[in-house]
Protein chains: 2
Amino acid sequence: MADLSIDVVAKAAGVHRSTVSRAFSRPEAVKSETREHILRIAEGLGYTMSPLAQALRRKTSTFVPLIVPDITNPFFAELAKTMTQAADERGYQLLLCVTNGDPAKTEGYFTAMQAMYAPFGIVAPSTKVDTDALKRFDFGHRVVVIDRVDGDSSVPTVTVDSRRGIVLALEHLRSLGHTSIGYVSGISGTHTAQDRMDAYLELSAEGSSTPLVLDSGSDPDAGARAAKHFLEMENPPTAIIAANDMVAFAVISALGQSGIRVPEDVSVMGFDGLALGARFNPPLTTVRQPIADMGNIAIELAEKQNLNGSVDHVVLEPELLVRASTSGPRK
Amino acid sequence: MADLSIDVVAKAAGVHRSTVSRAFSRPEAVKSETREHILRIAEGLGYTMSPLAQALRRKTSTFVPLIVPDITNPFFAELAKTMTQAADERGYQLLLCVTNGDPAKTEGYFTAMQAMYAPFGIVAPSTKVDTDALKRFDFGHRVVVIDRVDGDSSVPTVTVDSRRGIVLALEHLRSLGHTSIGYVSGISGTHTAQDRMDAYLELSAEGSSTPLVLDSGSDPDAGARAAKHFLEMENPPTAIIAANDMVAFAVISALGQSGIRVPEDVSVMGFDGLALGARFNPPLTTVRQPIADMGNIAIELAEKQNLNGSVDHVVLEPELLVRASTSGPRK
DNA sequence: CCGATCTCAGCAATCGATCTCATACTTAGC
DNA sequence: GCTAAGTATGAGATCGATTGCTGAGATCGG
């Protein structure tokens, strides 16, 4: 059980090291008879190849880092979960790297992953990605970003159409009869966050109503502040769109503390479609992002880039998910 | 920037490979003058040692796997977050491994980690841990479990005192005036889950009231079923203890769907103390587990076991966290 | 001033695999 | 039956580090 190297197996099978190696990684290069014999012996010994030694020699591995700012944020947790599976199915081993939003840690992961011969990596940022900084690293040339990036970027990206999501939310709310619809940003400086806000600003102005941003901070207290703001208004909106589900939770919670009920007194929508939202009180109406698809596509883009250098930008369609936190406006 | 090996640095510094190695990993064995020169050169080149090659040669690494069943469960996410930090501070690199509750995957991680020369690992299980199965693996002898395990086990463990937690919850509820207190299990077959349930059964019987288990399933729908059960009762309890925060969320949500309000109509308590609970509607009263401490201690126990074979079992104290989901019973 | 002790750095084997090259053995074609 | 073209396996260098051993100088006591 201890110290099972390729040489041990080779000896046990009465062949040379290199034949064992081939039996595992280049099956067609070895007579099927021999191969089966070797595999059987290996199996009996409980042998598996050392990923370390393999990576060292091959100068490439199957470790794929997923770099996220905060794993306690359910969005990233769901992303991690689905990507683990997606990676597995393609023969990769996802390595979850949590940065706490610290750029230094991100760089640390970059060099570490480079050293581990990761073929590529996926970054789900909490701030606008500095493409140039990325490119300073060798590894930065083999990264896919789950967010939009600036300009004519040469980094592959996956995002969902923020504008479309806001359209969906607005349409839903308007069809319910709302005309005064507020917004709470409360998420950090990613392009995606920016895009959602911009879309809200622009699209809500198109309706007769004037845009109303209850809070635009990016800290955990944004929801509470938004609620406070709401309570102090003379004519508060009858519906609120939150930049993401977590913020929506916070808003509803804070509102509830002051006796405001959702959706009876005010409708609230989220953006993300977290599984958690289904068990919120009330279950959250939201714009669903196809998180699983994002994960799969991120890996595909990475593989493509690695293969032929192509840099694609995929934009996915969001979807309205009506649950119970929205209803017609109070008469 | 590409292909920076120890030999490159050695050549650049005009010394032998082994001296460079020593400059990094055994500073006292090299003249400080030489060492500083080497370090400076290495710094300039942007050189870091290959963790792969190191692990291969040393037959030990700084990779520490944390094996959890589901990262979208906020309890495990918070554990992962705090443990990442704890590991970092001690010079380890936490590797998050998600099993989805699949024992085969767990075993896969075991052999993988063994192959990566991980010095030890941490397991946060979703089912009762089969100590014997654990011990079949070499690596199983270097694992710490975050849960209680059977019998005179030789596996180090960290847990919080389940009974004490239930006492805290019961005391809180009784001091509020509740006499009829129900319970919802809804979590999987860990010892901890079992202990909470047992404690409830025993302790609630001590009070005048008879134990009342609304649901004991372990799937995501337990909360909904418990709520249904509650609604069908002639004399429903005035308070409910949920086996963990997630279940409490689900119960409150399901209850809310039927017009039952918390805490006005019924008080509900959780168990875990998730950060998320503070933003639930209403903010959740719960029994807090010292998650960060658990992580730190788990690593300490692992190090100790590795050092001198000692096997400790640490039991931590939970803490009452009163928020807004409990109040006096309805008159 | 010489042998003994200590420091410090180089040498070379080694960890567990991969891969190019060389070699032995088939099989085929004429 | 003999050479040419394959096939299947073995030999050995290599990936990037570590480490026991060896030897060259430096230091020191007598």
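Reminder, nothing fancy here: chain letters follow the sequence lines and each chain counts from 1. The basis for the numbers below is simple: all heavy atoms, side chains too, and nothing from hydrogens, waters or symmetry mates.
In this structure, of C:dA17, D:dG10, D:dA17, it is C:dA17 that holds the atom nearest to the side chain of A:A53. Relative to the side chain of B:S25, the nucleotides C:dC15, C:dG10, D:dT18 differ in distance, and D:dT18 lies closest. Comparing D:dG16, D:dT9, C:dA17 by their closest approach to the side chain of B:S50 singles out D:dG16.
Taking atom CG on A:L45 and atom P on C:dG16, their separation rounds to 14 Å, with Å as the unit. In this structure, NZ of A:K11 is placed 14 Å from C1' of D:dG10, rounded to the nearest angstrom. Distance, B:M49 CE to D:dG16 C1': 9 Å, rounded to whole Å. To the nearest angstrom, C1' of C:dC8 lies 18 Å from CZ of B:R17. A straight line from CZ of A:R57 to P of D:dG16 spans 9 Å, rounded to a whole angstrom. Look at CD1 on A:I6: it is 13 Å from C1' on D:dG10, rounded to the nearest Å. In this structure, B:R58 places its CZ atom 11 Å from C1' of D:dT19, rounding to the nearest Å. A:D7 places its CG atom 12 Å from the P atom of C:dT14, with the value rounded to the nearest Å.
Atoms CG and CZ, from B:D70 and B:F76 in turn, are 7.5 Å apart once rounded to the nearest 0.5 Å.
Across all strands, A:F24 comes closer than 4.0 Å to no nucleic acid atom at all (heavy-atom distances). Residue-level contact check: A:V20 touches neither bases nor backbone, having no heavy atom under 4.0 Å from any strand. The residue B:S18 sits close to a base: some heavy atom pair falls under 4.0 Å.
Phosphate contact (OP1/OP2 of C:dA9, side-chain N/O of B:T34, threshold under 4.0 Å): present. When the side-chain nitrogen and oxygen atoms of A:Q54 are compared with OP1 and OP2 of C:dG16, none of them lie within a distance under 4.0 Å. A close approach under 4.0 Å does not occur between any side-chain nitrogen or oxygen of A:S21 and OP1 or OP2 of C:dA17. Dashed line: the shortest gap from a side-chain N or O of B:Y117 to OP1 or OP2 of D:dT18 is not under 4.0 Å.
In terms of modelled atom types and a separation under 3.5 Å, the side chain of A:D272 and the main chain of A:L274 share no donor-acceptor contact.
Listed by chain and residue number, B:Y47 satisfy the ring-ring contact (aromatic ring centres under 6.0 Å, His included) test with B:F24 (two or more places apart in sequence, or in another chain).
Both B:G14 and B:K59 lie near DNA chain C, and the one whose nearest nucleotide falls closer to the 5' end is B:G14.
With respect to A:K128 and A:D150, no salt bridge is recorded, no charged nitrogen being found less than 4.0 Å from a carboxylate O.
Annotation: B:K105, atom NZ; neighbour count of heavy atoms from other residues, nucleotides and ligands within 6.0 Å is above 12.
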